[in-house]
Amino acid sequence: MNRAVVVGACAAGLAAAETLRREGYDGTLTLIGDEPHPPYDRPPLSKQLLASDWEADRLVLRAADDIAALDLDLRLGTAATGLDLAGRVVRLADGSRVPYDGLIVATGVRARRLPGGGGHVLRTLSDALALRERLGPGRHLVVVGAGFLGAEAAAVAWRLGARVTLLEPAPVPLAHAVGEEVGRMLSRAHLDRGVELRTGVTVTEVGDRAVRLADGEVVEADEVLVAVGSLPNTEWLADSGLAVGDGVVCDAYLEAAEGVYAAGDVARWHNPLFGTAMRVEHRTNAAEQGMAAARNLLRPEGRKPFAPVPYFWSDQYDMKVQAYGFLRGHDEVAVVEGDLAERRFVAAYRTGARVTGALAVGMPPKVIRLWRRSIASRASWDEVAGHRVT
Amino acid sequence: MKVELEADKCVASGQCVVAAMEVFDQDDDGIAVLLAERPGAEHLDSVREAVAVCPAAAIRLVEK
Ligand SMILES: Cc1cc2nc3c(=O)[nH]c(=O)nc-3n(C[C@H](O)[C@H](O)[C@H](O)COP(=O)(O)OP(=O)(O)OC[C@H]3O[C@@H](n4cnc5c(N)ncnc54)[C@H](O)[C@@H]3O)c2cc1C
Ligand code: SF4
C-alpha cells in the first residue's frame, strides 16, 4: 500500500491516520475533512465550551507540531463528494480526484433537524459558538429532545441563568436507552432546579423563536435547540456500491469492501463481543475504532475483529454519568451498588443470560472498572448481578 | 520517555488505566494521576495506546 486516504478529519479519522504512521506506514497519507478546522473534540461543545469555561483553542485534539509530524497531505475545508470503488478513487468538491490503495471512511454524523428547519443544532464548533452567544440570564431556551445532548445543554443553559424548557416525546426521557428508573432519576435533576420538563409532547415544526406541538400549541422561546439525534454522513457514498444503511455497513473487521474500512460514528459493524451489529456515537469508540481500522487495513493477514466494550460519559449538572457496554434493547435493569435516590449507584443491564451493560453515577473508578471487566469477560448475570440485587 | 497529563482536561473515563495500568491511576473522583512521569521504555506501547484512546486528549508523550 502506497496511497492511504482517510475521509473525515476528527476523532476517528485522526486516530486512523496516527495509527497508520505509528505502525510504520510511510506512503502518501491524505486526510480529507470538510470543516475548516484541524481535528477538534466535540464532547466539550455541550459542556465546557457552551459554558464559556473553555475557549475554542482548548478543543484541538493535537498540537500543531504533532499534526505536522504525521507528514499528511491534509485537505481541510474540502468535502469528499463521491467514491469510485472499482477505480479506487475519491472525488472531492474542488473537482480533484484522489486515488487510493486503502481507504478509511470516518465522516461521522450530523444533527437531525425537524420540519420548519429552524432553531439551533449542536454538532460543530460553529453551532456551539452560535448558541452560546445567545444564552444568558433571563433568556428562554426551548430544547427539543431530552436525550443526553439536550440534557447537557439544558444543564449548562440553566447554569448560565437562562430559563429552560425541555420538550420530550417519550413519557420518560432516555428510558429506551437506560431504562425507566434511571431515566426518571436523571429527569429529577432537571425538575430539582426548576428546569421545565414536558414529556409526551411531540414537536411538529420548529421556527427560530417558537415551536409547534402536535396538538397545535405554540411554545415561544428566545432560542430553540433541536437535539433529536443524528444522521450518518453517507450521502457522498450513494451509488458507490458500498452498503449503506444507518451507517456504512462493515464486518467484524470494520471492512466495508476490499481495501475500504469505516470507523467512528458513521460505522455500523458487527461487534462479536455482543453478537450484534451496532453503530455507537461515543468519543472513545471513535478513537479505538479508528485505530483498529488502520491496523486491519495495514495488516490484513493479521487482522483482528473489533470487539470493544463501548464506553460513554455525560455531564449533567453536578452528575457525571458513565456507561459501559451495550445497554440498548436490554431485558432487565437492576441497581447493584449504591442507591438511586442518593445519586450514587451502579445499575447493571441484562440481555439474555449475560450482563451486557453498566451505568454509574458518583461511584469510585475502581468499582466502575470492575463492572467493565464483567462485561468484557461475558460474565453471566447470575454470577455477578443476580445475587447482589437488594 | 516522558509523559504529560493535563488533569483539568481529564473526563475520568479510566481508559488510560485500562491501557497502561503501571503508568496511570485514577483518584477517588476518577481524575487520572500519573504513577510515573518517566516510565521505562517497556511501557512505550501501552502509553501510546493511552494517548490515542484518551477521550479528552489529556495525555501527551513529550519525548520517547
Ligand atoms: C455536542 C456533543 C457532545 C458530545 N458529548 C459526548 C460525551 O459526553 N461522551 C461521548 O462519549 N461522546 C460524546 N459525543 C460524541 C462524540 O463527539 C463523537 O462520538 C465523536 O466526535 C465521533 O467522532 P468521528 O470522528 O467518528 O465523527 P465526527 O466527529 O462527526 O467527525 C467527522 C468529520 O467528518 C466530516 N465530514 C463529513 N462528511 C464529509 C465529507 N463528505 N467529506 C469530508 N469530510 C466530511 C465532518 O464534518 C466531521 O468533521 C458528543 C458529540 C457532540 C456533538
Ligand atoms: S483516559 Fe484521559 S480522560 Fe480518561 S481518565 Fe485517563 S486522562 Fe482522564
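Scope of the values below: all heavy atoms of this structure, side chains included, with no hydrogens, waters or symmetry mates. Here is the naming used below: chain letters follow the sequence lines, and residue numbers restart at 1 for every chain. What you see is a predicted model; the values in this text were computed from it and never measured.
In this structure, the side chains of Q26(B) and R369(A) come closer than 4.5 Å at one or more pairs of heavy atoms. V53(B) has its side chain within reach of M291(A): a pair of non-hydrogen atoms, C-beta onward, lies under 4.5 Å apart. The side-chain heavy atoms of D25(B) and K366(A), taken from C-beta on, include a pair separated by under 4.5 Å.
Between F312(A) atom CZ and S13(B) atom OG the span is 13.0 Å, to the nearest 0.5 Å. To the nearest 0.5 angstrom, T19(A) atom OG1 is 8.0 Å from E49(B) atom CD.
There is no contact between D53(A) and chain B, counting heavy-atom distances below 4.5 Å. Proximity to chain B involves both the backbone and the side chain of R58(A), based on heavy atoms less than 4.5 angstrom apart. For R60(B), the part lying under 4.5 angstrom from a heavy atom of chain A is the side chain only. With a 4.5 Å cut-off on non-hydrogen atoms, D27(B) touches chain A through its backbone but not through its side chain. Only the side chain of A63(A) comes within contact range of chain B, with at least one heavy atom under 4.5 Å from a heavy atom of that chain. Contacts between A56(B) and chain A at a heavy-atom distance below 4.5 Å involve the backbone alone (N, CA, C, O). Of the two parts of D45(B), neither the backbone nor the side chain holds a non-hydrogen atom closer than 4.5 Å to a non-hydrogen atom of chain A.
For the pair D29(B) and K320(A), the salt-bridge criterion is not met [side-chain N within less than 4.0 Å of a carboxylate O].
In terms of heavy-atom pairs under 4.5 Å with chain A, the best-connected choice from A57(B), P55(B), A12(B), C54(B) is P55(B). Note: R372(A) leads R372(A), K47(A), R373(A) in heavy-atom pairs under 4.5 Å with chain B. Counting heavy-atom pairs under 4.5 Å between each of E288(A), H282(A), R22(A) and chain B puts R22(A) at the top.
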Could you list the donor-acceptor pairs under 3.5 angstrom formed by side chains in residues 31-43 of chain B, with sequence neighbours left out?
residue : atom : partner : partner atom : Å
R38(B)  : NH1  : E63(B)  : OE2          : 3.4

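Contact annotation for residues 16-24 of chain B against chain A (heavy-atom separation below 4.5 Å, listed by residue number): V17(B), V18(B).
Applying the 6.0 Å contact sphere to CG of D65(A) captures more than 12 heavy atoms from other residues, nucleotides or ligands. The local environment of NZ in K304(A) is sparse, with at most 12 non-hydrogen atoms from other residues, nucleotides or ligands closer than 6.0 Å.
Side chain of Q15(B) to backbone of Y311(A): no donor-acceptor contact under 3.5 angstrom is found.
The heavy-atom pair separating A52(B) from A287(A) by the smallest distance is O-CB, 3.5 Å.
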